[in-house]
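What follows is one structure encoded as structure tokens, with my remarks underneath.
Residue numbers start from 1 in every chain, and the chains themselves are labelled A, B, ... in the order their sequence lines are given, proteins ahead of strands.
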Amino acid sequence: MPRGRTLDTTMTNVRIPAGWPVTEEEARAVQEELRGRVVVDEPGPPPGTGRVTGVDVAYDDKLGVVAAAAVVLDAATLAVVAEATAVGEVSFPYVPGLLAFREVPTVLAALDALDRDPGLVVCDGYGLAHPRRFGLASHLGVLTGLPTIGVAKNPFTFTYQEPGIPRGSASPLLAGTEVVGRAVRTKAGVKPVFVSVGHRVGLDNACAHTLALAPEHRLPESTRRADALCRRALKEAVDRTGAHPTGDREGTLPTVAPPPGR
DNA sequence: GCGACAG
DNA sequence: ATCTTGTCGC
């Protein structure tokens, strides 16, 4: 029984929820219905206090497997205080604008498996910066009630003026003339990250958190830790149950518990 | 109609 | 996201 890490690390298996959208039309209808529940009039937790949790997912599309990780950091020190992972079956294809339907079930399971309150949740993707103003971070926020923000690596379909070179420079992220987020330079001279509000957090606070979480690298430590953990979890899940060169190659997804007998 | 498009 | 070796740099 390998024990590599020091922290309590939970691992959960996930099935696609009954009634989960199957078509793009159904998924868009769900977004339209949930978008009204996003709360945007709260400033959110002050940066540098309490806890911040990074979430991310990794895929093996060939096997239809997805792994999610949630890593809880102490906001003041950025020390890891808790982690959890979940593995499941891919619940939706990648469609721009419908990313949440691919990630939400497994991410929710990882968050549920944590042994303490996540605090602010930082997503790899967008919140209000979305075609229907309901990206992954907002979706996750509405479903959990937790404050969330989105920090994306690409501008998606939005436009922005290049921020100044120094770390901390920023410029509006625009959908036409509407401000949907902010391009934030977390590292001098390096491509900015794209921050948007998810749920129960203001944009200024979301950007302040992002900068506080990225003192050294372009991406927030929360995202970096979650990214590394979900990749590890995916690899371990595939190594453990996936296709062996000569072994049985029955559809043995990690979600299917090994039959007791037989 | 065609291409672009978070991860 | 993922496919992929070595290589330059702190």
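Comparing B:dC5, C:dA1, B:dA6 against the side chain of A:Y59 picks out C:dA1 as the nearest.
Residue-level contact check: A:Y126 touches the bases, meaning some heavy atom is under 4.0 Å from a base atom. Nucleic acid contact class of A:G97 (heavy atoms, under 4.0 Å, all strands): base. If you check every strand for non-hydrogen atoms under 4.0 Å, A:L173 touches nothing. Within 4.0 Å of A:K62, counting heavy atoms only, lies no atom of the nucleic acid at all. Note on A:D60: nothing from the nucleic acid sits closer than 4.0 angstrom, heavy atoms only. A:A129 comes within 4.0 angstrom of nothing in the nucleic acid, heavy atoms only.
In this structure, A:D56 atom CG and B:dA6 atom C1' are separated by 12 Å, rounded to whole Å. Between A:L136 atom CG and B:dC5 atom C1' there is a gap of 16 Å when expressed in whole angstrom units. One interatomic measurement links the two molecules: NE2 of A:H130 to C1' of B:dC5, which rounds to 11 Å at whole-angstrom precision. As a whole-Å value, the separation of A:L98 CG from B:dA6 C1' is 11 Å. A:D124 has its CG atom 10 Å from the P atom of C:dT2, to the nearest Å. The nearest whole Å value for the distance from the CD1 atom in A:I149 to the P atom in B:dA6 is 19 Å. One can place CZ of A:R28 at 16 Å from C1' of B:dA6, the figure rounded to the nearest angstrom. Atoms NE2 (A:H217) and C1' (C:dG9) sit 13 Å apart, rounded to a whole Å.
Relative orientation of the A:Y126 and A:F158 rings is perpendicular, given thresholds of 30° and 60° on the angle between their planes. Ring geometry, A:F92 versus A:F101: the interplanar angle falls from 30° to 60°, so the pair is classed tilted.
Between A:R102 and B:dA6 there is no side-chain polar atom (N or O) within less than 4.0 angstrom of OP1 or OP2. Checking the phosphate oxygens (OP1, OP2) of B:dG7, a side-chain nitrogen or oxygen of A:N154 falls inside 4.0 Å. Residue A:K153 places none of its side-chain N or O atoms closer than 4.0 Å to OP1 or OP2 of B:dA6.
The aromatic ring of A:Y94 stacks onto the base of B:dG7, its centre lying under 5.5 Å from the centre of the six-membered base ring with the two planes under 30° apart.
Within a 6.0 Å sphere centred on CZ of A:R37, heavy atoms belonging to other residues, nucleotides or ligands number 12 at most. With a 6.0 Å radius and a threshold of 12 heavy atoms from other residues, nucleotides or ligands, A:E25 has its CD atom above the threshold.
Looking at A:Y94 and A:E103, their side chains never bring a donor and an acceptor atom within 3.5 Å of each other.
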